[in-house]
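So the structure is just underneath, and the comments pick up after that.
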Amino acid sequence: MKQLITAVAAILVSTASFAQFQVSASTGYAMSSAGMLTGTTTTTTSTENNYGSYGEGSNVQIRGTYFLNEKFGLELGLGYLHGADQTINKTSIPTVAEVNAVARARAFGASASMVYNFTENFYGRIGALIKVGGKTEAVVYNKVFYTDDNPSPQGLPNGSYSETNYIEDFHGQFPLGFVGALGYSFDLNEHFSLFVEAEYYGISLKRKDSELKEFNTDVALPDGTVVANFNLDNLPDGFYKETTYVDELPHSNTDGSKKLSQKVPYSSFGLNFGVTYKFSGSSK
């Protein structure tokens with residue numbers, strides 16, 4: 001027992017004698033690594049699948065790392081993702097429909113990782129990733145023309161149309177993912193260093209609910225005269241201010257505000273650049 005206490009005390013003393021804390025701030029850009037179906041592009045001659053990930057886009061991060069010794073450290077990080085537009089539906093069929101619907105992430109995340117220094121300059125980190133806030137924002141423009149095959153509910157003449165613009169925010173259930181990175185750090189002086197790193201995020205998000213934040217539909221005659229208007233306080237049939245996503249729906253369900261849930265990809269591979277400040281601690 002005495003020997004065990006002595007050994008533990010020696011480890012604690014050696015750790016405390018080296019213990020060093022540092023903070024890092026970075027920015028970067030990530031590309032899709034999931035390649036999952038996000039939507040379609042339709043013309044008069046073909047329909048094409050669109051693939052991507054909501055993890056694509058620019059990001060900023062701040063991380064704090066506590067090194068136990070020269071090799072190992074523990075790290076906590078916070079980040080914000082300003083996602084790139086992902087095409088959900090792009091349709092261009094003259095006199096039938098014109099649709100431009102995109103969605104993008106506006107998300108806050110957190111990570112807990114272990115850091116390992118391979119050399120004085122090269123390092124790696126691996127850990128868990130969660131989304132702590134934010135949304136996936138859909139921005140939709142939809143113009144539909146009324147024809148013999150698609151008559152107006154108001155009985156308007158052919159060539160009349162409805163023109164809809166809306167923004168819908170989607171929220172997800174609590175996710176757990178993976179983060180890993182390899183980087184190179186270059187010391188400027190005793191306290192400051194610059195770094196560049198390649199980073200991978202592996203995470204997907206299961207939808208929980210959504211809410212219409214903006215909505216406007218104008219129903220117009222062929223000459224552009226508006227004869228009807230719908231908004232958040234007066235939604236047309238088929239639209240709901242709030243939608244809930246569930247794992248199962250009975251065949252008898254008649255509640256259009258409930259839909260089957262789905263997972264959306266957030267996985268990405270990116271490159272970050274940043275600066276690190278090392279607080280005063282014992283030397284190596």
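All values below come from the heavy atoms of this structure, side chains included, with hydrogens, waters and symmetry mates left out. The first residue of the sequence shown is numbered 1, and numbering continues consecutively from there.
I203 and F178 are members of different hydrophobic clusters when ILVMFWY side chains are connected at heavy-atom separations under 4.5 Å. Hydrophobic clustering of Ile, Leu, Val, Met, Phe, Trp and Tyr side chains at less than 4.5 Å, counting indirect connections, unites L182 with L271. Hydrophobic cluster membership is shared by L176 and V132, with clusters built from Ile, Leu, Val, Met, Phe, Trp and Tyr side chains linked at under 4.5 angstrom. If you chain together hydrophobic residues whose side chains sit under 4.5 Å apart, Y166 and Y245 never meet in one group. Taking hydrophobic clusters as Ile, Leu, Val, Met, Phe, Trp and Tyr residues chained together by side-chain heavy-atom distances below 4.5 Å, L74 does not share a cluster with L129.
How far OG of S185 is from CZ of F195: 8.0 Å, rounded to the nearest 0.5 Å. Atoms CG and CG, on N89 and N142 in that order, are 7.5 Å from each other to the nearest 0.5 Å. The distance from atom OG1 of T276 to atom CG of L188, rounded to the nearest 0.5 Å, is 9.5 Å. Here T243 contributes atom OG1 and L212 contributes atom CG; the two are 6.5 Å apart, rounded to the nearest 0.5 Å. Note that OH of Y201 and CG of L81 are 8.5 Å apart. Values are rounded to the nearest 0.5 Å. For the atom pair NZ of K90 and OG1 of T40, the computed distance is 11.5 Å after rounding to the nearest 0.5 Å.
Taking the six-membered ring where the residue is Trp, the centroids of Y66 and F21 are separated by 6.0 Å or more. A ring-centre distance under 6.0 Å is not found for Y123 and F118. Aromatic rings of F239 and F215 (six-membered ring for Trp) have centroids within the 6.0 Å cut-off, being under it.
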### Message
Before you tell me yes or no, could you show the steps for S26 and F273 under side chain to side chain contact (heavy atoms under 4.5 Å, CB included), namely the whole-Å CA-CA distance, both residues' side-chain angles and the distance that decides it to 0.1 Å?
### Response
CA-CA 5 Å; S26 67; F273 301 88; over 6 Å; no
### Query
Taking it one step at a time, do E211 and D209 satisfy side chain to side chain contact (heavy atoms under 4.5 Å, CB included)?
CA-CA 7 Å; E211 180 181 4; D209 57 55; over 6 Å; no
### Query
Going through the checks in order, is the salt bridge (Lys or Arg N to Asp or Glu O under 4.0 Å) test met by D247 and K206?
CA-CA 10 Å; D247 289 329; K206 187 177 182 180; 2.8 Å; yes
### Task
Show your working on side chain to side chain contact (heavy atoms under 4.5 Å, CB included) between I130 and F174 and close with a plain yes or no.
CA-CA 7 Å; I130 61 172; F174 185 82; 3.8 Å; yes
### Task
Under the side chain to side chain donor-acceptor pair (under 3.5 Å) rule, what do N117 and T119 come out as? Steps first, then yes or no, please.
CA-CA 5 Å; N117 290 324; T119 68; over 6 Å; no
### Message
What verdict does the side chain to side chain donor-acceptor pair (under 3.5 Å) test give for Y80 and Q61, after you've listed the backbone C-alpha separation in whole Å, the side-chain angles of each residue and the deciding distance to 0.1 Å?
### Response
CA-CA 7 Å; Y80 173 74; Q61 299 183 47; over 6 Å; no
### Task
In sequence, state the C-alpha distance, the side-chain angles, and the governing distance for Y161 and V219, and then conclude on side chain to side chain contact (heavy atoms under 4.5 Å, CB included).
CA-CA 6 Å; Y161 58 89; V219 179; over 6 Å; no
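A side-chain donor-acceptor contact under 3.5 Å links T41 and N50. A donor and an acceptor atom, one from each side chain of N216 and N165, are nowhere located under 3.5 Å apart. Side-chain N/O atoms of Q86 and T38 include no donor and acceptor closer than 3.5 Å.
Under the side-chain contact (heavy atoms from CB on, under 4.5 Å) rule, M36 has a single partner from S267, P265, S53, which is P265. With N158 as the partner, the side-chain hydrogen bond (donor to acceptor under 3.5 Å, both in side chains) test is satisfied by one option alone out of D148, T147, T95: D148.
Y266 and Y54 have tilted rings, their planes meeting at an angle from 30° to 60° on a 0 to 90° scale. Using cut-offs of 30° and 60° for the angle between ring planes, the F279 and Y277 rings count as perpendicular. The aromatic rings of F122 and Y184 sit perpendicular, their planes meeting at an angle over 60°, well past the 30° parallel limit.
Scanning all heavy atoms of the two residues, the minimum distance from G83 to R104 falls at O-CB, 3.6 Å. Contact between A220 and L156 at its shortest, heavy atoms only, is O-CD1, 4.4 Å.
Under the side-chain hydrogen bond (donor to acceptor under 3.5 Å, both in side chains) criterion, S257 pairs with D255, sequence neighbours left out. Annotation: salt bridge (Lys or Arg N to Asp or Glu O under 4.0 Å) contacts of R207 (sequence neighbours excluded): none.
Classification of E197 and R125 as a salt-bridged pair holds, one side-chain N sitting under 4.0 Å from a carboxylate O. With respect to the salt-bridge test (charged N to carboxylate O, under 4.0 angstrom), the residues K278 and D187 qualify.
Between S24 and I62 there is no side-chain heavy-atom pair separated by less than 4.5 Å.
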